[in-house]
Every structure is written in C-alpha cells, then in structure tokens.
> 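Before I ask anything, here is the structure I am working with.
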Amino acid sequence: MEMIVGIDLGTTNSEIAILRGDGKAEVIPVEGEFIMPSCVGLDPAGKLIVGHTARNQMVSHPENTILSIKRRMGENTTVTLGNMSMSPEEISSFILAKLKSEAGKHLECPITRAVITVPAYFDDAQRKATRDAGALAGLEVLRIINEPTAAALAYEAGHEENQRILVYDLGGGTFDVSLVIVENGVVEVKASHGDTHLGGDDFDRLLIDHVTRIFNEKHGIHLMNSGLRAVNRLWVALEKAKRTLSDRPFAVIKEEFISGDHHLDMEISRDDYEEMIRPLLRKTMDAVHACLKDALLLPKAIDKIILVGGATRTPLVSRMFEEEIGIEPHHEINPDLIVAMGAAIQGAAIGGVKTKSILVDITPYTFGTRVIAEHEGMFTDNFFVPVIKRNSPLPISKEEIFYTHLDNQEQILVEIYQGEAPLASDNIFIGDFWIKGLSKAGAGNPILLNLELDVNGILKVTAKEKITGLSKTVTMDTTKAGVATNLEEKFRNISALLEGAKTQDDEVLHQPTDAADKNTLISRAKGLRKRAEAMKIGINEEDAAELSHLLEQSRQAIAGQEWEAVEKLNESLADMLFYLED
Ligand code: AMP
C-alpha cells in the first residue's frame, strides 16, 4: 500500500513523517536531520536550493534566499528569487517537493499523497494556498489539518485515558492555542484561538531593536542601515543568542566588523530578554484564557498542557503556565516533531490503517451572510446573519432560510462574510455571487442558503429558490480582500480559456468535478514545469533536452485539452524530476 506522509509545513522549519508498520510515527531525516529549515534560495550558480543549504547561505546571499514564506501564504503577492517572481505557494511548493523527494529516497518509493498541517487560525485563503503548494509539488493533499490537532493526535497515540488537553503552539511565525478533548479515542477540538502573526521571529525582532539601539548609542551607526548582509549576520547571531538564553542566564553576541571597522560585542541577560518578550507572551496567555472561556472550562479542569513549536522552549512560557494555571506543561514529545507525527497518524488513518484515535476538527470562524434587517431600531442592508458558528465540528453543513425583499425580485446577491460583528461590513468579506432568473413571486419568496465547510476548512455555498429548486453552488475561493489567490486566479483563467465563455445556465451549477480535476492536472503541470525550469541549469545536455521535450508535449496536451495525456506527462515529468533531484 502506498504511504501517505504527514507534513508539518512550518514558518521556520518543516518536517515529514510516516506511520511505521508497528503503529509508531517516524520523522524522516532530511540530509541527516529531522528538522529542515523552510528556506528556499538560488545558489551562486543559479541552481535552486532548499533547506539546510539555503539556510546556510542566508548570511552570504540574503538577496537570493527566502525564509518565513508561510507568513505570506494566502496573500495575493509575489516575492523575488533571482530574476524570477513567484507566489508564496510556489516557494512553499519547493519546500514540499524537497521533503517529498527526501522521503521518497529514504523510503525507496515515490511519495504522491500527503496530509499537511496548518495553524488552526489559518483562514480559507491560507488553507487553499497550502493545498495549491502541495499540488504544485506533485502531492495530492488528502487533508489539511490544524497543527494543534495533529499534536494532540500524536500525544493521544501514546496515552489511553480520557482527558482535556490544552495545546499551546508557538512557532517561528504563528501562535495558536486549542482545547482538545480526548474521549474514548475520539480527539475533538473544542475551541481555538491564536494569532497568525506572532511567534519566535517577533522575539528576534525585539532583540534586534534592543541591540541596534545600544550599538547606535555607542557608535552612532544604525545597523539596520548597514546593508542586507550586516542585518542578516545580526539576525542569525541574535536568534542563536535567543536559543542560548533558553538554557543559560546570559548570552554573548560577538560579530567582528559588522559595520565597517566596528565590532558588535555585547552580553544580554535572560532577565532583560524576558522583560522584552513578556508583553507578547501576555498576549498568548490572554488567548489561552479566551480559549478556555469558549470551551466553558475553568483552568483547573485542564488535565494536560502540551507545548508545540520551537519557541515554547523559552522558559518563561512554562513559568507563565505554572503561575497562571497552576499546571506544568508536558515536554515529553519533541515540540518540533510532534505536529508532523500527528499528521502522519492522520494520513495513515485516511489510508485505512487502524489508529487509536479519530479526529474531529472544528472551525475557528463564524461564517454568514449579509441581509436587509432591522438593527438597533433602524433598517439596514448591512446586517450580518451567522450560519455556521465558530467552534462547530467539521465537516459541517448548515442551512438557513431567507426571503426576497421586493415583489417580482428576479435576482439576489449572495454575500458571505467571516466574523462575529453584527454589521457585515465589520467582518471579513469572503466572496459573493448572483443568483438570477428567480420566479416572479411577491416579496417574501423563500431562498435556502446552505453553507458547507469541509474538513479542510473550504467553504461551499449553495443558494436555492425553494419553490422552483433553481440553485447555484459556489466554492468560496476568495481571500479576505476579495481577490482570488494569485495561483488560483491563474488556474481559473486557464480553465476559462480552455472551456470558453459560460452561459448563465452553466453557472447554475453544482461545480463539475471534472473541472476541479482539470485544475489539479493543470496546476500540477505548472508546478512540474517550474521545478523543471529551475532544474535545467546544472544538468547534462541530454537530460535538459529530454525535459524540454516533455515540457513542450505537456504544453501541447493542455492546449489540446487532452487530459489523459496531461496526466501521463505529469507522471513522466515527476519521475524524471524525482531522479534528477536525487
Ligand atoms: P517552529 O516554527 O516550530 O520550527 O519554531 C521556530 C521558532 O522557534 C524560531 O523562532 C526559533 O528561533 C525558535 N526556537 C527554536 N529553538 C529555540 C530555543 N531553544 N529557545 C527559544 N526559541 C527557540
């Protein structure tokens, strides 16, 4: 049976794991280490490098190295790598492709299917971007699961009792906390809170501010204006000092000639460092209390606290828990590896392996629609009605009835928002669509609105005129700002070109699954093409010619809508890249 791997695609580091035959999760080493930096770069010869090699050149070639791309996932943006401009999902796909290829080598079989984890607080667009990154790397992403959920799953695999677990996950760039109930082998997330822009990187930034201020006072030079190389040297040194402070009361930072003839030579105490980061950790503890409140639990009702993510090694994290909750967090499973292990357990379960736990996930968001209604004594067309409430178990399908406002109303605009505020405009706009051709009924014509959120947090919206059954279903694929992710927009443009203009009737749809399949094929072909193009430099002429030939055939097959051929060519390209990347 083909392995389904579990991948923790982290901001700073990423890991890949499988469930072994004996039921134990095993993290697969990448170049001899279990943790691979989530770093992508171009080496001086222009060859794509990923992981440790890319991280090692961060200081010498910062302009050709990208770190923390996870923070940009879901944004409609591009980053520059050499002379290429790429989307965050394309950069992430290189990280995933590297993990995939290393696991393939280690297990001696190609890897094509995966479960990938994301922070519980990732929104729809960020989850989609993660899935796209998987597709670009040639992975069928069977499930996107929340990182704290995966951690609880890995933890539960070694424990029998029923318990209430608080999973506190503080990584490089993101923070979330979840209350997970484990009962009779079912792992259920009851509540989640978090911040997608809070993590160990912010601690680095505080240290950088502190050190540059003192350096400036001493030398009259602002290190942040001393060039990218100096900034990166500083950051690498301070990140190391930060880790030292987890084990020692003092850390010494020495960087010779960091700016002209000036050296950096400084000592930082753990006490001073803790004062700097305390306000940020305070924010995380407030989220812990909010999470408990949502789960209707008092702190003393928690059985265990599990720490996840490298930044939880900061001693102040455990101390704050002891002071505020009175429980010492558990450290027995490596906080860097636990998430990938949980993902591997979930992957095996999807693949039919009997595991001890079943996963029940929740949505951390409320989704609803905008309607005309009375609000605080006034009529407004901006009233928000929740349909799916936050903390509902996934998958979930909820239906509500709404009514047309006018006589003979022939069309309605369905708008979907995410949030809790009573006014729609105070929430995050997710997407909208028109349903046209309603029967000419009087005002009050009932319209059923169904919101379906799948286990990956992807939202499908159906609006149906009750009396005629006229319906329209749309998968919400727009970001907070109402723009499609870069990649998805590209996919859709391509499929739109291929399929020609759609009629109104075509739009009254339950999305054809074959269109989704085509999109997957095209996205995979695009991902392979990108990897192949990055690969062409540095391989022998014969291989380069063979690659070009396959790429040209793939292009022609897509243009000719020969989907079977596209699929076969994808496989041939993936095989070839698998061996070339070896
Ligand atoms: P993750 O995203 O889980 O890989 O966590 C990475 C973050 O953990 C980075 O900000 C690291 O600097 C931080 N980190 C790793 N080890 C330590 C440590 N021993 N003490 C404090 N922070 C650490």
> What are the two closest heavy atoms between H193 and D294, and how far apart are they?
NE2-OD2, 3.0 Å

> Determine the minimum heavy-atom distance between R127 and I144, stating which atoms define it.
O-CD1, 4.1 Å

> Verify the distance criterion only: is there a donor paired with an acceptor across the side chains of N450 and S397 at less than 3.5 Å?
yes

> So, S38 versus S14: side-chain donor-acceptor pair below 3.5 Å or not?
yes

> Under a 3.5 Å cutoff, is there a donor and acceptor pairing between the side chains of Y168 and T284?
yes

> Please report the closest heavy-atom contact between A311 and G171, naming both atoms and the distance.
CB-O, 3.7 Å

> Taking side chain as C-beta onward, heavy atoms only, is F367 less than 4.5 Å from L453?
yes

> I need the T149 OG1 to L153 CG distance, nearest 0.5 Å.
8.5 Å

> For the residue pair L198 and L170, what are the closest heavy atoms and their distance?
O-CD1, 4.1 Å

> Test of understanding: with side-chain contact (heavy atoms from CB on, under 4.5 Å), list the residues that count as partners of P37, not counting sequence neighbours.
N13, C39, H52, R55

> Can you name the one residue among T11, D201, T12 that meets side-chain hydrogen bond (donor to acceptor under 3.5 Å, both in side chains) with S68?
D201

> With sequence neighbours excluded, tell me which residues meet ring pair (Phe, Tyr, Trp, His ring centres under 6.0 Å) with F433.
none

> Show, in sequence, the C-alpha distance, side-chain angles and deciding distance for L307 and H330, and conclude whether the side-chain contact (heavy atoms from CB on, under 4.5 Å) test is met.
CA-CA 7 Å; L307 298 184; H330 277 253; over 6 Å; no

> Is there a donor in the side chain of E140 and an acceptor in the side chain of T112, or the other way round, less than 3.5 Å apart?
no

> To the closest 0.5 Å, what do you measure between CD1 (I28) and CE (M36)?
12.5 Å

> Using salt bridge (Lys or Arg N to Asp or Glu O under 4.0 Å) as the criterion, point out the one residue from K283, K242, R71 that pairs with D202.
R71

> Hey, could you give me the CZ/CG distance between R313 and N334, rounded to the nearest 0.5 Å?
5.5 Å

> Minimum heavy-atom separation for V27 to A17, with atom names?
CA-CB, 3.9 Å

> Please report the closest heavy-atom contact between L448 and E399, naming both atoms and the distance.
CD2-OE1, 3.8 Å

> Could you walk me through whether Y417 and T369 satisfy the side chain to side chain donor-acceptor pair (under 3.5 Å) test, starting with their C-alpha distance in whole Å, then the side-chain angles of each, then the deciding distance to 0.1 Å, before giving a yes or no?
CA-CA 6 Å; Y417 291 82; T369 191; over 6 Å; no

> Is a donor from one side chain sitting under 3.5 angstrom from an acceptor on the other, for S87 and E90?
yes

> Do the side chains of R282 and D286 get close enough for a salt bridge, i.e. N-O under 4.0 angstrom?
yes

